[in-house]
Amino acid sequence: MSSIVGFFKRVFTALNPPPAQPSAESAPIKFGILGAAAIAPISLITPAKNHPEVVVYAVAARDQNRAAAFAKKHGIGKVYGGPNGYQELLDDPEIDAIYNPLPNGLHYEWTMKALAAGKHVLLEKPSADTAEETRQLFDLAEKKGLVLLEAFHYRFHPSIQRVKAIITSGELGAIKHISTTLAVPKGAIRSGDIRYDYSLGGGALMDMGCYTLDCIRYLSSSNPVSVTSASHDLYKPASAPPSFKPDVDRGTTATFVLPNDATAALKCDLSVPYGYGIIPSMPQVTASIMCEGGEISVNNFLMPTLYHSIKVSKKDGQGTKTRVEKVYTFAEGNMEGKGEAWWTTYRFQLEAFVDKVKGRTPQTWIDKEDSIANMQWIEEIYAKTGLGSRPKSTFVLASEAGSDSAAPPTSESPA
Ligand SMILES: NC(=O)C1=CN([C@@H]2O[C@H](COP(=O)(O)OP(=O)(O)OC[C@H]3O[C@@H](n4cnc5c(N)ncnc54)[C@H](OP(=O)(O)O)[C@@H]3O)[C@@H](O)[C@H]2O)C=CC1
Ligand SMILES: O=C1OC[C@@H](O)[C@H](O)[C@H]1O
């Protein structure tokens with residue numbers, strides 16, 4: 001019973017966090033959001049209400065009315081709209097940091113522009129379409145002394161850090177195999193979504209697979225040695241015309257060799273078909289770590305504030321002993337760090353981002369080489385499946401080319 005009450009309390013407070021009093025000692029970091037994206041309220045706007053050093057100051061959308069409606073709904077004071085709205089927001093001298101939740105294929109262009117405008121950037125995952133672009137982003141951030149963070153929010157939560165701590169403690173011995181899955185049933189993602197658009201950096205591996213890969217790399221504290229196999233199912237909408245040419249993965253699986261003869265496997269799917277054509281599957285958000293002396297099964301590593309479980313099965317002389325841990329705060333996991341049980345992964349992430357911008361040491365961080373490596377291995381998997389990397393951006397930053405340039409904007413993309 002207490003766990004049901006705890007669930008409702010956590011979810012209610014996460015959605016309605018106690019408003020923070022603005023800090024008297026530290027000026028707020030003023031954020032501007034590029035695009036009226038679906039994820040922005042949960043990932044930034046709500047967590048920001050509870051952070052004493054954050055103000056969501058402005059939003060830009062390609063359409064003025066859409067931008068205004070989003071700003072009104074979320075109490076954002078400043079609105080930029082129309083074909084130049086994104087750039088006008090970047091040019092606003094009041095803004096310190098940009099949240100970039102644009103489609104993956106636009107991450108590179110608009111993060112380069114944001115950094116060029118002197119703003120720190122909280123960048124949605126995956127960083128870009130290619131590892132080379134990711135390197136360029138972090139190089140520019142470094143050159144300009146700005147903070148750039150790829151928003152792998154789950155890594156900031158104490159639950160996944162506790163899993164890693166169990167592994168690195170050696171309690172279960174060396175890792176033998178890690179397997180991660182992130183899959184949602186058909187219908188969870190509507191047709192026409194950016195995730196199904198190759199030109200916008202779509203695909204299951206880019207969207208959900210980037211987490212499953214990142215989780216393998218994070219928990220093993222290593223990069224794969226090689227991709228041993230990879231396969232995909234192509235996305236095809238139910239109403240596709242005969243001329244439709246599938247070009248994005250609806251689902252991808254891959255296996256790897258890790259250092260020290262360990263192995264790994266990932267599975268991601270944006271639209272798991274119904275069983276027997278009628279039974280929707282449950283969302284799968286799991287990680288399992290098999291070690292020499294036992295196993296850890298993690299349920300819901302991605303949104304652990306809702307609920308999660310960390311089942312640890314340890315072999316001993318008599319058999320196997322099992323315990324289940326739930327770790328909503330760092331204190332519960334015997335770790336150091338700020339936060340409340342209702343803090344979402346995004347609230348923990350925002351704490352770290354602000355600490356970094358303010359020159360403090362964040363509880364955890366994801367650095368340049370980490371983000372580049374994740375993108376590199378996404379490309380390796382795509383190469384193995386035969387689909388190939390998502391298209392490299394055509395944008396070139398002014399300082400490299402004389403003036404900012406890109407392919408001519410379409411009616412659908414901002415100028
Ligand atoms: N951290 C997390 O938990 C999550 C992260 N994400 C990531 O966030 C990003 C956005 O995802 P999500 O919020 O679901 O996506 P949405 O489609 O809701 O938002 C994307 C935004 O991009 C803008 N945009 C600019 N150009 C285009 C274009 N040509 N086509 C479509 N949209 C365009 C739109 O802004 P405008 O308002 O100007 O029209 C739109 O609001 C992705 O990178 C995704 O991987 C997504 C979900 C969860
Ligand atoms: O980042 C994300 O997290 C949750 C998923 O359902 C979503 O597709 C993805 O973009």
Side-chain angles (χ1 to χ4, degrees), residues 32-47 59-71 73-74 76 79-89 99-111 122-129 149-157 182-185 188-190 192-212 214-215 250-251 268-272 283-285 300-306 344-350 366 378 390 393 406-407 409-415:
I33 304 177
L34 290 174
I39 188 60
I42 182 173
S43 58
L44 178 67
I45 296 169
T46 301
V59 62
R62 294 170 295 174
D63 177 272
Q64 177 75 37
N65 293 335
R66 180 173 157 84
F70 188 90
K73 182 169 178 191
H74 298 291
I76 300 172
V79 177
Y80 292 97
N84 298 320
Y86 290 3
Q87 189 59 51
E88 284 166 11
L89 180 143
Y99 175 51
N100 182 351
L102 295 173
N104 305 333
L106 296 174
H107 284 180
Y108 173 77
E109 173 176 349
W110 288 97
T111 301
L122 177 59
L123 169 61
E124 267 311 334
K125 37 56 60 180
S127 292
D129 279 3
L149 175 65
E150 183 180 31
F152 273 121
H153 53 103
Y154 79 101
R155 282 221 214 167
F156 296 85
H157 195 272
L182 185 45
V184 294
I189 294 171
R190 63 183 169 82
D193 193 278
I194 56 169
R195 291 160 183 76
Y196 294 130
D197 189 331
Y198 175 79
S199 70
L200 295 177
L205 182 61
M206 291 288 282
D207 183 57
M208 295 188 180
C210 70
Y211 286 113
T212 55
D214 185 77
C215 191
R250 187 214 79 207
C268 55
D269 205 315
L270 296 170
S271 180
V272 177
Q284 294 173 66
V285 190
N300 197 10
F301 68 87
L302 200 60
M303 304 230 170
T305 312
L306 293 178
T344 58
T345 52
Y346 307 105
R347 179 62 184 83
F348 282 107
Q349 172 179 264
L350 187 62
I366 300 166
I378 287 174
R390 312 297 82 176
S393 173
T410 64
S411 57
E412 295 217 302
S413 72

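Every number for a ligand or one of its atoms is a count from 1 in the order of the listing.
Backbone and side-chain nitrogen or oxygen atoms of Ala60 are examined, and none is located within less than 3.5 angstrom of a nitrogen or oxygen of ligand 1. Remark: ligand 1 and Pro126 share no N or O pair separated by less than 3.5 Å (distance only, no angle test). Of the N or O atoms in Ile39, one or more lie within a sub-3.5 Å distance of an N or O in ligand 1. Ligand 1 has a nitrogen or oxygen under 3.5 angstrom from a nitrogen or oxygen of His107. For ligand 2, one of its N or O atoms has an N or O atom of Tyr211 under 3.5 Å away.
Near Leu102, the atoms of ligand 1 lying under 4.0 angstrom from a non-hydrogen atom of the residue are 9 (C), 22 (O), 23 (C), 25 (C), 42 (C), 43 (O). Proximity to Asp207 (heavy-atom distance under 4.0 Å) selects the following atoms of ligand 1: 45 (O). Near Asn104, with a cut-off below 4.0 Å to any heavy atom, the atoms of ligand 1 are 42 (C), 43 (O), 45 (O). For ligand 2, the atoms lying closer than 4.0 Å to a non-hydrogen atom of Lys125 are 1 (O), 2 (C), 9 (C), 10 (O). Applying the 4.0 Å criterion to heavy atoms of Ile194 picks out, from ligand 1, the atoms 10 (C), 11 (O), 15 (O), 17 (O), 31 (C). Within the listing of ligand 1, atoms 1 (N), 2 (C), 3 (O) sit less than 4.0 angstrom from a heavy atom of Tyr346.
The shell of residues lying under 4.0 angstrom from ligand 1, judged by heavy atoms, includes Arg195. The shell of residues lying under 4.0 angstrom from ligand 1, judged by heavy atoms, excludes Ser43. At least one heavy atom of Tyr211 sits closer than 4.0 Å to an atom of ligand 1.
The residue from Glu124, Arg66, Met208 that puts a heavy atom closest to atom 5 (C) of ligand 1 is Glu124. Closest heavy-atom approach to atom 18 (O) of ligand 1 within the set Ser127, Ala67, Gly105, Ala38: this belongs to Ala38. When the heavy-atom distances from atom 25 (C) of ligand 1 to Tyr86, Phe152, Trp110 are ranked, the shortest goes to Tyr86.
Contacts between Arg62 and ligand 1, counted as non-hydrogen atom pairs separated by less than 4.0 Å, involve both the backbone and the side chain. Only the side chain of Met208 comes within 4.0 Å of ligand 2, counting heavy atoms alone; its backbone N, CA, C and O stay farther away. In Leu106, the part holding a heavy atom less than 4.0 Å from any atom of ligand 1 is the side chain.
Using bins of under 30°, 30° to 60° and over 60° for the plane-to-plane angle, the ring pair Tyr346/His153 lands in the parallel bin. Between Phe152 and Tyr154, the ring planes lie perpendicular to each other; the angle is over 60°, past the 30° to 60° tilted range.
In terms of modelled atom types and a separation under 3.5 Å, the side chain of Arg66 and the main chain of Ala36 share a donor-acceptor contact.
Looking only at protein heavy atoms, the nearest one to atom 7 (C) of ligand 2 is Asp207 OD2, 3.6 Å.
Between Lys125 and Asp214, none of the side-chain N atoms (NZ, or NE/NH1/NH2) sits under 4.0 Å from a carboxylate O, so this pair counts as no salt bridge.
Checking each of Thr345, Thr212, Val285 against Leu302 for a side chain to side chain contact (heavy atoms under 4.5 Å, CB included) leaves exactly one that passes, namely Val285.
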